[in-house]
Amino acid sequence: MILSSHFPVLIVVAPLFAAYLMPLCWRWKRGLTKPIAVTALTLSFLMALNMAFQVLRSGPISYHAGNWQPPWGIEIYVDYLSVYMALVVTGVGLLILIYSTKYSDKMIEKGNIAIFFALILLLIAGLTGMVVTGDLFNLFVFLEIASLASYALVPIAGSKGTKGRFEASFRYLYMGAIASTFTLIAIGFAYMATGTLNMADLALRLVEAREAYPTLVLMSLGFFVVGFSLKSALFPLHLWLPDAYAHAPAPVSALSSGLTIKVMAYVIIRLFYSIFGIAFVSSTGLLSMIQIIAALAIIIGSLYAIAQKDVIRILAYSSVSQIGYVILGATLLSSDGFTGGLLHILHHSIMKGTMILAVGAVMYKTGKRNIQDFKGMGRRMPYTMGAFSIAALSMVGIPPLTGFVSKWFLLLGTLEAKSYAFTFVILASSLLNAVYYLRLINYIHFKDPDEGSVRVDEAPMTMLIPIVILGLGAIFVGMMANIPLTLISKAVSSLGL
Amino acid sequence: MIRKWLIRLIFIVLLGYLVAGFVVGLPPFGSADAPAYTHVVPRYIERSVVETGATNIISGIILDYRAYDTMGEATVLFTAALAILSLLGGEKDD
Amino acid sequence: MIYQVISQYNYIAAVILFFIGLYTMISRKNLIKKIIGLNIMDTSVFLFFISMGSVEGGKAPIIVLGSENVIYVNPLPQALILTAIVVAVSVTAFALALTVKLYGDYGTLDADKIRELREEPG
Amino acid sequence: MIWLIDLLLLLFLIVCALEATRNKDLLSVVIIFSSYSLVMAIIWQQLNAPDIAITEAAVGAGITTMLFVAAISKTSRWEE
Amino acid sequence: MTEDIIVKTTARLMTPFIQMFGLYIILHGHLTPGGGFQGGAVIGASMILLAVVYGLEEGEKRMSHDLSTVLESSTIVYVLIGFIGIAAGVNFLASGAAGIPLGRPGDLLSGGMILALNIVIGFKVASTGKTLFYTLAKEDEG
């Protein structure tokens with residue numbers, strides 16, 4: 001019995017299993033809640049790492065749940081792109097979970113702590129499930145687990161949360177439910193046209209179905225794109241996002257921004273490249289439309305971010321802008337652009353994770369997060385704010401940090417695709433990023449704190465370590481970009497670019 | 001008021017467009033030759049009794065061929081229960 | 001053409017219900033109305049799926065042992081919808097819990113009023 | 001003949017849905033929605049989906065309705 | 001809750017039959033229409049009926065908090081049944097391939113793991129239905 005051959009399913013089942021245990025633990029053995037959560041996710045991360053080596057060594061893994069052949073049973077299909085996303089999701093998720101173990105003590109209502117961890121595990125399991133699955137309806141099921149968990153995580157802080165948290169959660173649910181229904185309809189159309197739910201099989205049969213049922217295939221694609229644009233907060237469907245981030249606890253904002261919307265963008269990439277076929281998508285004219293929307297998202301998200309006073313809202317609008325980069329990179333039809341878009345997923349997960357967690361650490365200490373309250377924070381919490389600044393500089397795209405590498409590839413991509421307007425968009429947006437991130441850095445390091453502000457010191461170790469690891473990740477990935485790039489370049493070439 | 005009527009108008013136009021332009025493109029209702037019925041499903045119908053032992057084909061599908069989905073479905077229920085408990089449930093500290 | 005449209009009356013009904021539900025969700029300010037709209041929209045999608053699985057002269061997909069040459073309707077959409085119904089109930093329940101909490105905070109279920117009340121204190 | 005009954009049931013569904021959108025009394029809306037679910041269950045039985053029909057009758061008309069009633073009893077009954 | 005003797009008596013008389021029917025639906029899920037979800041929903045609805053007629057406290061008495069916590073986590077059993085496949089050297093959630101006897105089609109004890117999974121799902125749906133309603137309908141103490 002080789003256990004490692006079951007990793008594609010165990011990577012999802014491990015966090016789920018731990019989540020099921022949470023209510024029992026909370027009732028009878030409270031001390032075990034956090035260790036079990038962290039252990040389960042560590043296992044998941046190790047499995048993802050192992051799978052990355054397996055995939056690099058011997059190609060994509062196909063796992064048949066219940067021993068049924070793919071079109072009949074559910075196939076779990078791990079290729080280069082999936083394993084890359086799985087690594088990002090479990091790795092960043094694990095760091096955020098470690099951070100939450102301390103954060104939850106003070107910032108989450110006591111009765112909700114076990115539920116908080118269970119929901120985080122469910123969210124990460126849902127996202128991992130979406131990433132590794134090879135079946136369209138299975139994707140929907142895990143999408144619902146992840147979505148329901150993330151709606152519920154917004155107001156989880158209970159009486160320690162902000163006042164608008166229920167409304168933010170309701171708005172998120174409202175948009176998310178519409179998106180889920182659209183996705184279900186799209187799956188129905190795809191099934192109706194082809195008679196299968198397996199992604200690989202679907203890709204083959206859609207070629208014929210395009211002739212036989214052209215409207216059906218087109219509608220399916222349209223509903224998918226609208227649904228997942230809503231879920232990934234692609235401009236102009238981002239309206240739920242700033243509120244949800246501003247009212248959620250910091251680790252939850254970090255998870256949504258770093259992972260959830262990235263996985264939704266991954267699904268769009270998967271739909272375009274592995275299912276519908278990028279040539280077909282581009283022949284419908286949808287691709288150029290999405291390019292323009294993504295470019296608008298990049299610019300308008302940055303402009304909104306400049307206008308904000310609340311640091312979390314700055315970061316939230318910045319996410320709207322960054323998801324634009326990912327989508328733009330994926331739709332440029334150039335291998336360099338695609339590489340840049342995929343690298344941007346990793347880059348942005350790490351950077352946004354660092355920054356939101358750092359802001360969370362400040363809130364943990366002072367309870368405030370207005371940009372004014374960050375004056376002089378650099379002297380009081382040097383390590384936290386150091387990591388924050390590295391991440392901010394990386395977002396601006398200063399070499400040798402990651403942001404520079406991914407933006408460099410994106411620029412090459414726009415040049416390769418001869419879309420010079422987008423070259424200009426990326427350059428302009430770097431400038432806009434610089435405006436608001438350098439303003440933050442200026443406040444943090446070069447301003448004196450206000451008279452009578454709260455005196456605080458460094459964040460506790462359990463919170464500091466994840467922040468610093470993520471911050472160092474910016475330097476590490478930037479310097480040694482060839483490590484993720486080996487995986488990404490294989491992913492790009494396996495998807496046909 | 002104008003906004004309300006505008007929304008209604010957009011909806012009715014969309015509806016008309018969909019009914020006329022889209023429903024025509026579907027495979028005929030009740031057809032046994034539609035791809036939905038001819039590709040994957042025949043195996044479920046012909047062999048589910050032998051392969052899963054269930055005479056109810058739907059049980060055979062949801063709990064054997066696609067049991068992994070159903071695990072996810074039970075998890076959705078679990079998530080919903082936790083979500084509601086986090087809002088309205090149990091012990092609160094003040 | 002007309003006949004083709006008429007004969008697909010199940011699909012037409014599903015499309016109409018879908019739009020009624022979506023319209024309710026968008027135009028009504030009351031949160032519970034919005035949730036009802038969501039449910040109508042969901043059931044319309046279920047109706048669409050089940051109609052898709054229907055087969056002329058088909059029997060329900062419960063195999064009668066020993067009988068041969070029976071046509072059964074398509075069981076796969078039904079299996080999928082079983083999952084989707086449970087998902088819809090879960091989302092509905094959570095949304096209702098949120099409305100109860102929102103009512104406790106603001107004393108109203110009107111989405112616009114809630115927004116006003118929230119922005120007043122600054 | 002049977003298609004006429006189907007058509008009537010579908011018409012009933014649409015009328016129910018419209019009334020649920022229009023009515024200002026939320027409790028009535030929920031009751032209408034409950035009957036909507038039951039009619040939907042009958043339609044699904046007509047379409048040879050007994051499993052889904054049972055589910056809809058138990059979940060849609062039973063549990064969902066009770067959840068709505070519970071929520072309305074804790075909030076307000078009238079839509080302003 | 002009003003003191004209505006007819007409603008109360010009817011509810012008390014009906015509940016065992018409703019629950020029996022729910023159990024029947026669960027246990028015969030692989031043979032006749034129905035299964036874990038449907039039967040679980042019926043049982044859940046019967047508990048809701050009790051709560052509506054007798055008030056929430058009465059219903060709460062019939063099921064201790066510990067028991068409902070355990071039932072909430074009953075999905076664990078589903079995963080454990082899935083592990084049988086891995087233990088048998090085949091894939092997760094395998095039934096026939098893992099050597100679970102499928103029985104003679106049409107018998108109550110047939111269908112491999114379907115019967116066991118139906119029971120797990122039935123308990124899960126019933127307890128979740130009950131939890132959802134009770135949590136939503138419970139009066140706020142503060």
Side-chain angles (χ1 to χ4, degrees), chain A residues 9 12-13 16 19-20 22-23 65-66 68 71-74 76 109-112 114-116 118-119 122-123 125-126 129 133 135 137-138 140-142 144-145 148-149 151-153 155-156 158-159 166 169 189 191-198 201 205 208-209 212-216 218-219, chain B residues 14 17-29 31-48 51-52 57 60-94:
Chain A
V9 67
V12 182
V13 170
L16 281 185
Y20 302 148
M22 290 290 123
W68 299 110
W72 293 281
I74 292 173
I76 298 170
E109 203 170 54
K110 189 156 165 276
N112 280 354
I115 298 178
F116 173 71
L119 288 175
L122 287 168
L123 172 58
T133 188
D135 189 279
F137 195 74
N138 196 240
F140 173 76
V141 172
F142 280 103
E144 281 304 311
I145 296 175
L148 197 52
Y151 311 146
L153 276 169
I156 191 99
S159 53
F166 299 124
S169 175
F189 289 161
Y191 173 70
M192 205 173 185
T194 61
T196 180
L197 290 165
N198 183 275
D201 198 23
R205 292 181 61 87
E208 279 175 42
Y213 304 105
T215 33
L216 212 50
L218 214 58
M219 296 286 280
Chain B
L14 261 176
Y17 170 75
L18 273 181
V19 170
F22 151 72
V23 173
V24 174
L26 298 180
F29 176 74
S31 150
D33 303 323
Y37 194 63
T38 49
H39 178 53
V40 172
V41 168
R43 169 158 169 182
Y44 292 147
I45 292 176
E46 284 154 20
R47 296 177 57 191
S48 83
E51 290 182 338
T52 70
I57 304 176
I61 293 175
I62 62 172
L63 292 173
D64 204 332
Y65 289 108
R66 300 183 70 88
Y68 188 56
D69 266 358
T70 310
M71 185 184 83
E73 180 184 356
T75 310
V76 171
L77 271 176
F78 177 75
T79 314
L82 287 186
I84 287 206
L85 283 172
S86 79
L87 282 183
L88 299 165
E91 42 185 321
K92 298 273 173 212
D93 58 352
D94 297 320

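Order of the sequence lines fixes the chain letters, A, B, ..., with proteins taken first and strands second; residue numbering starts at 1 for each chain.
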* **Side chain to side chain, B:D64 and A:W68, heavy atoms closer than 4.5 Å** => yes
* Structure fact -> The interface call for A:F137 against chain B, heavy-atom contacts under 4.5 Å, is both
* Asked: What option among A:P71, A:A65, A:G66 has the most heavy-atom pairs under 4.5 Å with chain B?
  -> A:P71
* Structure fact -> Under 4.5 Å to a heavy atom of chain B? For A:I145 that would be both
* Quick one: are A:Y191 and B:H39 in side-chain contact, heavy atoms under 4.5 Å? -> no
* Proximity breakdown for A:W72 and chain B, heavy-atom pairs closer than 4.5 Å -> both
* Asked: Parallel, tilted or perpendicular for A:Y20 and B:F78, by the 30°/60° rule?
  -> perpendicular
* **Proximity breakdown for A:I76 and chain B, heavy-atom pairs closer than 4.5 Å** => side chain
* Over all heavy atoms of both residues, which pair between A:Y213 and B:P35 is shortest? Give the atoms and the distance, please. => OH-CD, 3.4 Å
* **Between A:I115, A:I156, A:N138, the one whose heavy-atom pairs under 4.5 Å with chain B are most numerous** => A:N138
* Are A:N112 and B:L85 side-chain neighbours, meaning at least one heavy-atom pair lies under 4.5 Å? -> no
* What part of A:P214 gets closer than 4.5 Å to chain B, counting heavy atoms only: side chain, backbone, both or neither? -> neither
* Determine the minimum heavy-atom distance between A:L148 and B:V76, stating which atoms define it. => CD2-O, 3.8 Å
* Pick one of side chain, backbone, both or neither for A:A125, based on which atoms fall under 4.5 Å of a heavy atom in chain B. => neither
* **Portion of A:N198 that has a non-hydrogen atom of chain B nearer than 4.5 angstrom** => neither
* Give the intermediate values and the outcome of side chain to side chain contact (heavy atoms under 4.5 Å, CB included) for residues A:E144 and B:T79. => CA-CA 10 Å; A:E144 281 304 311; B:T79 314; over 6 Å; no
* Against chain B, label A:L153 side chain, backbone, both or neither, depending on which of its atoms sit under 4.5 Å from a heavy atom there. => neither
* Structure fact -> d(B:D69 CG, A:D135 CG) to nearest 0.5 Å is 6.0 Å
* **Residue list, side-chain hydrogen bond (donor to acceptor under 3.5 Å, both in side chains) with B:T52, at least two apart or on another chain** => none
* Decide yes or no for A:V9 and B:Y68: does some side-chain heavy atom of the first lie under 4.5 Å from some side-chain heavy atom of the second? => yes
* Measure A:L16 against the heavy atoms of chain B and call it side chain, backbone, both or neither at under 4.5 Å. => side chain
